[in-house]
Structure formats: C-alpha cells, structure tokens
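Here is the structure we will look at.
Lettering of chains follows the sequences in order, A, B, ..., and the numbering in each one begins at 1. Nothing here was measured: the structure is a model prediction, and the numbers come from that model.
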2 protein chains.
Amino acid sequence: MLSKKTKYGLKALTYIARSKDEIPVQVGEIAKSEQIPQKFLESILLTLRKAGFLGSKKGKHGGYYLRKEPSEILMTEVMRVLEGPIAMVPCVSLNFYEKCDDCVDEHACSVHKLMIQVRDSTLQVFRNTTLADLSSK
Amino acid sequence: MLSKKTKYGLKALTYIARSKDEIPVQVGEIAKSEQIPQKFLESILLTLRKAGFLGSKKGKHGGYYLRKEPSEILMTEVMRVLEGPIAMVPCVSLNFYEKCDDCVDEHACSVHKLMIQVRDSTLQVFRNTTLADLSSK
DNA sequence: ATTAATCCTATCGATTTAATAGGAATTACA
DNA sequence: TGTAATTCCTATTAAATCGATAGGATTAAT
C-alpha cells in the first residue's frame with residue numbers, strides 16, 4: 001500500500017511542477033489545493049528538499065521550487081526517498097538489500113524468484129516515468 | 001512491503017506443491033523445514049483452505065493438500081487472498097476499488113496515472129505466474 | 001482410550017503511520 | 001525597527017497493522 005506520505009509528496013511535486021512561475025510555491029497553497037494537512041505536508045517537503053529535489057526560500061513570500069527540470073526527476077529516485085525500497089522484500093532490493101533470516105538458500109526460494117520479477121516490472125515503470133510525465137495533463 | 005503472512009503462505013504452498021506424495025503434508029513439517037512459527041502458519045493455511053486452494057484432513061496423519069493442479073493456481077488469486085489488493089492505492093484497484101477522500105478529479109490525478117501503470121505491470125507478472133512456476137526449481 | 005493432528009477465537013506487544021503541537025529561525029516590507 | 005509571514009525542526013500522540021502466541025475444541029487413527 002502506498003503511504004500517504006508518498007501520495008502527498010507526489011501530488012505536491014506535481015503541483016509545483018505545474019506552477020511555472022518563478023515565484024516559490026507556498027506549503028499553505030498546496031495543502032489547501034490538494035487537501036493535505038499542512039503540517040504533515042511541511043515535513044514531507046522538508047524531506048524532498050533535503051533529498052535535493054526541492055529548493056526553498058524562507059520568510060515572507062517564501063516557498064518551494066524545483067531544483068531540476070521535471071523531465072530530470074525520475075520516479076525511481078522520488079519513490080526511494082518517500083516510500084523506501086521499491087522491492088517488496090529486502091532480499092531482492094537493489095538499494096536496500098538484506099538477507100532473510102529464514103531462507104537457507106536464497107537462490108532456491110520461490111518467493112525470491114517471484115519478487116525479482118515484480119521488482120523488475122515495477123522498476124521499468126519508475127525508470128521510464130519522470131515528474132514531467134506526471135505533471136502533463 | 002510483502003507481509004510475512006504472504007511470504008510464509010507462498011513458501012508453504014510451494015512446499016506442498018513440491019511434495020508430490022498423496023499423503024497430506026503436516027503444518028509441523030512445513031514450519032520446521034521453512035523456519036516458520038507453527039501457530040502462525042496454522043492460521044495462514046486455514047486462510048488458504050477457506051479460500052479454496054487447500055484441502056485438509058483432520059486428526060492423526062492429517063494435514064494439507066492442494067485442491068487444484070499447481071499450474072492452475074494463479075498468483076493473482078493467491079496474492080489477493082494473502083496480501084489483499086494488488087494495487088498500491090485503492091483508487092486503481094480492480095477488485096477492491098475505493099474512491100479517494102481527497103482527489104476531486106481522479107482522472108487528473110498524477111498519482112492515479114502512475115499507479116495504474118504499476119498495477120498493470122505487476123498484474124502482468126502475477127497473471128503469468130502459477131504455483132507450478134514457483135515450485136519448479 | 002490415547003495420541004496427534006486440524007480448527008477456532010482471542011489477545012498481546014511491537015512497530016509503523018498519519019497527524020498534531022509548539023515554537024525557532026528567517027525574510028519581506030511598512 | 002518591528003511585525004507578519006513563512007520555512008525549519010523536534011517531539012509527541014493516537015490509531016492501525018502486523019507478527020506472533022495462548023489455550024483449548026474438534027476430529028480422526030490406532
């Protein structure tokens with residue numbers, strides 16, 4: 001299940017990408033427009049800023065803006081920051097690999113085999129989708 | 001993240017599919033072999049039985065057996081029983097659809113668009129995989 | 001009868017998630 | 001210079017979910 005954090009984060013990024021003006025977009029504006037609890041959204045945008053997707057301007061007339069072109073913001077990267085591993089089990093994760101406690105032979109594990117396929121097909125979607133795709137109507 | 005319930009369930013189904021004998025497979029045997037807490041596994045196999053994948057025999061020398069050929073047990077069905085919806089958000093779920101509270105226009109929602117793609121690519125894997133594929137080495 | 005298995009319900013502890021609270025730091029501008 | 005508006009940061013909380021356990025009831029073989 002996609003977390004609200006990720007859902008809100010994607011919506012916010014889309015919102016910012018669509019607002020082409022040079023002036024930063026304020027949290028309050030996004031929260032109102034997208035029906036997101038403002039304080040929660042604040043923390044999400046903070047995460048996205050620290051991850052390098054967003055820049056911010058503080059104080060009056062402050063807000064957030066994209067640091068890259070939408071077409072250069074890949075869903076693989078956004079999803080890993082907001083949602084964590086793309087794989088459904090750590091033992092098939094490319095970026096967050098962990099061995100299973102059980103599972104003597106990873107290679108013989110039926111779950112492993114299946115989840116590699118799921119991971120790859122999901123990755124293919126995320127690798128071929130950028131924020132530009134999301135924000136185009 | 002894949003739940004332990006689903007992981008254990010898939011492993012157990014694979015185990016039963018691989019044991020070709022006519023005699024039912026006991027929970028204790030699976031639990032020991034696959035390193036799964038026995039009581040937890042009991043409840044999972046019960047779920048799989050109620051869903052029609054497994055039959056059971058009670059009492060001494062009892063256990064579980066498959067009710068269909070492994071090649072007729074689709075991952076779409078197993079995953080929906082064990083893990084629930086395949087989609088990452090209810091608003092793109094085929095079998096468990098729910099409208100979002102926020103989201104005025106589903107059609108214009110960027111998350112919706114993305115998650116439909118993820119759902120479809122995941123479905124493609126599950127639709128093309130049966131228990132026979134999992135249990136083949 | 002006794003033993004061994006499934007069946008069933010309830011509960012518990014830990015973790016995660018979603019959200020809230022409260023203010024500190026910074027900036028615009030009157 | 002002061003006030004309002006905004007981001008920044010940390011801590012806390014309420015609710016939900018998950019993984020596992022407990023304790024037997026029921027059923028069947030020997």
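- In this structure, A:Gly63 reaches the sugar-phosphate backbone alone: every heavy-atom distance under 4.0 Å involves primed, P, OP1 or OP2 atoms, never a base.
- Using a cutoff of 4.0 Å between basic side-chain nitrogens and carboxylate oxygens, B:Lys7 and B:Glu34 are not scored as salt-bridged.
- Residue contacts shown for B:Lys4 are limited to sugar-phosphate atoms, with no base heavy atom under 4.0 Å away.
- We find that CD1 of A:Ile36 is positioned 13 Å from P of C:dA18, with the value rounded to whole Å.
- Listed here is the closest heavy atom pair of A:Gly62 and A:Gln26: O-CG, 3.1 Å.
- D:dT26 atom P lies 9 Å from atom NZ of B:Lys58, rounded to whole Å.
- Residue A:Lys60 is classed as a base contact, given a heavy-atom separation below 4.0 Å to a base.
- Neither OP1 nor OP2 of C:dC7 sits under 4.0 Å from any side-chain N or O of B:Ser43.
- The nearest whole Å value for the distance from the CD1 atom in A:Ile44 to the C1' atom in D:dT7 is 15 Å.
- If you measure from atom CD of A:Gln35 to atom P of C:dA19, you get 12 Å, rounded to the nearest angstrom.
- Backbone-only contact: A:Lys50 has heavy atoms under 4.0 Å from sugar-phosphate atoms and none from a base.
- A straight line from NZ of A:Lys57 to C1' of C:dC29 spans 12 Å, rounded to a whole angstrom.
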Run the side-chain contact (heavy atoms from CB on, under 4.5 Å) check on A:Leu114 and B:Phe126 step by step: do they pass? CA-CA 9 Å; A:Leu114 180 63; B:Phe126 289 151; 4.0 Å; yes
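- The distance from atom NE2 of A:His61 to atom C1' of C:dC29 is 8 Å, rounded to the nearest whole Å.
- Note on B:Glu42: a base of the nucleic acid sits closer than 4.0 angstrom, heavy atoms only.
- When rounded to the nearest whole Å, the span between NZ of A:Lys39 and P of D:dC8 equals 12 Å.
- Within 6.0 Å of CG in A:Leu94 there are more than 12 heavy atoms belonging to other residues, nucleotides or ligands.
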